[in-house]
Amino acid sequence: MKKSARTAAAVTVLAAALTACGGGAAKPPGSSADQLSADPLTAVRSAADITGRTGSAQAVTELTTESGDKKAVFNGTGGYDYVKRVGRLEITVPPGAATTGKIVEVVLPGTVYLQNSGAKIPEGKWVKLDIRQLPDGNLVSSGATDPASAAGALRGAQKAELVGTESVGGVELKHYKGVLDLAKAAEATGGRGGDGLRMAAQTFTLKEIPYEVWLDPQGRLHKVVQTFGFAGVAGSKLPKDQVRVVSTLSLSGFGQPVQAVEPAPAEIYSMRPEPSGTSASPK
């Protein structure tokens, strides 16, 4: 599939709705149990690695996009396996989107697979995308919040302030807020896991990304809210052309098994370029 077609497959859902309405680092041998740092900035920057060391987590996401008087809300449920570095989310698309029903997304470092991402994709087939082909590195383009990327972005925290303590489900969580830098997060993450953050840093017009995060006494990430902005019309700085995206990720069930596997090659749909005047045929 051509680059432009692949990109369109991933962003169609988000665009249509608007117009219509890393894994954790291994713990060194002999190290002590993880504990929330007393320093807010260290606590926030360490959250991705500490969460990764739990092995896995169940995820609930919400993505809200606003442009002018148009608003769309995407909801996702699934999980992420930090050992195998693969996650799976089922995304409910809002009314008016080009795709109906649910989109299924499987994410790996540097790669995303989408199922039910467009009308021309056969039922049950997956589209494979390199996140370097997506302007935002798949941070929000397919209507979901990639759990690894959302957590990894916190490695780029530049400011962190302790807001207070809140009890959620019987667990005391520290609530922080501040701003983060996606380019610095990409550098701190490294490898293919940092590619998406690097692409997003180049796309979003807000360079200092506001965030709020809730961490437990071990330093694990329970919830993070990040706010992004970009121009809906390329090059435009007019207020009416700006798109605001609020991404919310909630994690729970740390260590519980996650059903997420990379699709087999036979399940991947691709298109061969055909001579002018003929239609493309599936491979």
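Smallest separation of non-hydrogen atoms from Ile268 and Pro263: CD1-CB, 3.8 Å. Closest non-hydrogen pair, Leu251 versus Ala59, comes out as CD2-CB, 3.8 Å. The two residues Pro147 and Leu89 make their nearest non-hydrogen contact at CD-CD1, 4.0 Å. Residues Gln226 and Ile209 share a closest heavy-atom pair of CB-CG2, 4.4 Å. The minimum heavy-atom distance linking Tyr211 with Ala160 is given by the pair OH-CB, 3.3 Å. Residues Val73 and Lys71 share a closest heavy-atom pair of CG2-CE, 4.3 Å.
At a threshold of 4.5 Å between side-chain heavy atoms, the hydrophobic network of Ile, Leu, Val, Met, Phe, Trp and Tyr places Ile121 and Ile91 in one connected group. Linking ILVMFWY side-chain heavy atoms closer than 4.5 Å, directly or via other members, places Val127 and Val261 in two distinct hydrophobic clusters. Hydrophobic clustering places Leu173 together with Val225 (ILVMFWY residues linked when any side-chain heavy atoms are closer than 4.5 Å, directly or through intermediates). With hydrophobic clusters built from ILVMFWY side chains whose heavy atoms lie under 4.5 angstrom apart, Leu162 shares a cluster with Val213.
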Stepwise side-chain hydrogen bond (donor to acceptor under 3.5 Å, both in side chains) test for Lys102 and Thr92: CA-CA 5 Å; Lys102 290 186 176 181; Thr92 302; 4.5 Å; no

Leu108/Tyr113 under side-chain contact (heavy atoms from CB on, under 4.5 Å): CA gap, chis, key distance, verdict: CA-CA 9 Å; Leu108 295 94; Tyr113 295 89; 3.7 Å; yes

Derivation of the side-chain contact (heavy atoms from CB on, under 4.5 Å) call for Arg45 and Gln158: CA-CA 9 Å; Arg45 288 178 174 175; Gln158 300 302 292; 4.0 Å; yes

Pair Val112-Glu105, side-chain contact (heavy atoms from CB on, under 4.5 Å): steps then yes or no: CA-CA 7 Å; Val112 58; Glu105 177 181 79; 3.5 Å; yes

Worked verdict on Val104 versus Asn116 for side-chain contact (heavy atoms from CB on, under 4.5 Å): CA-CA 7 Å; Val104 182; Asn116 191 29; over 6 Å; no

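Of the possible donor and acceptor atoms, one in the side chain of Thr54 sits under 3.5 Å from a partner among the backbone N and O of Thr51. For the pair Lys207 (side chain) and Ala201 (backbone), a donor-acceptor distance under 3.5 Å is present. Remark: side-chain polar atoms of Glu262 are not paired, donor with acceptor, to backbone N or O of Val86 under 3.5 angstrom. Counting only distance, with no hydrogens or angles, the side chain of Gln58 and the backbone of Pro257 share a donor-acceptor pair below 3.5 Å. In terms of modelled atom types and a separation under 3.5 Å, the side chain of Lys174 and the main chain of Val163 share no donor-acceptor contact.
The neighbour count for Glu208 CD, taken as heavy atoms of other residues, nucleotides or ligands under 6.0 Å away, does not exceed 12. Counting heavy atoms of neighbouring residues, nucleotides and ligands inside a 6.0 Å radius, atom CD of Glu267 exceeds 12 of them. Glu212 CD: more than 12 foreign heavy atoms inside a 6.0 Å radius.
The CZ atom of Arg85 lies 11.0 Å from the OG1 atom of Thr111; values are rounded to the nearest 0.5 Å. Interatomic distance, NZ of Lys223 versus OG of Ser252, reported as 12.5 Å (0.5 Å rounding). Between Ser270 atom OG and Lys125 atom NZ the span is 9.0 Å, to the nearest 0.5 Å. Taking CG of Leu197 as the reference point, atom CD of Gln202 lies at 11.5 Å (rounded to 0.5 Å). Atoms OG1 and CG, from Thr248 and Leu63 in turn, are 8.5 Å apart once rounded to the nearest 0.5 Å. Asp216 contributes atom CG, which lies 7.5 Å from atom CG of Leu36 (distance to the nearest 0.5 angstrom).
Two residues are said to be in side-chain contact when any heavy atoms from C-beta on lie closer than 4.5 Å; Arg88 and Val258 fail this criterion. Inter-residue side-chain proximity for Arg192 and Arg132 is flagged as met; some heavy-atom pair is nearer than 4.5 Å. Leu221 places a side-chain heavy atom less than 4.5 Å from the side chain of Leu215. Using a 4.5 Å heavy-atom threshold, the side chains of Tyr176 and Leu41 count as separate. Contact check for Val168 versus Trp214: no side-chain heavy atoms found under the 4.5 Å cut-off. Between Phe74 and Ile103 the shortest side-chain heavy-atom distance does not fall below 4.5 Å.
With respect to Arg155 and Asp49, a salt bridge is recorded, a charged nitrogen being found less than 4.0 Å from a carboxylate O.
Using cut-offs of 30° and 60° on the angle between ring planes, the pair His222 and Phe254 is perpendicular.
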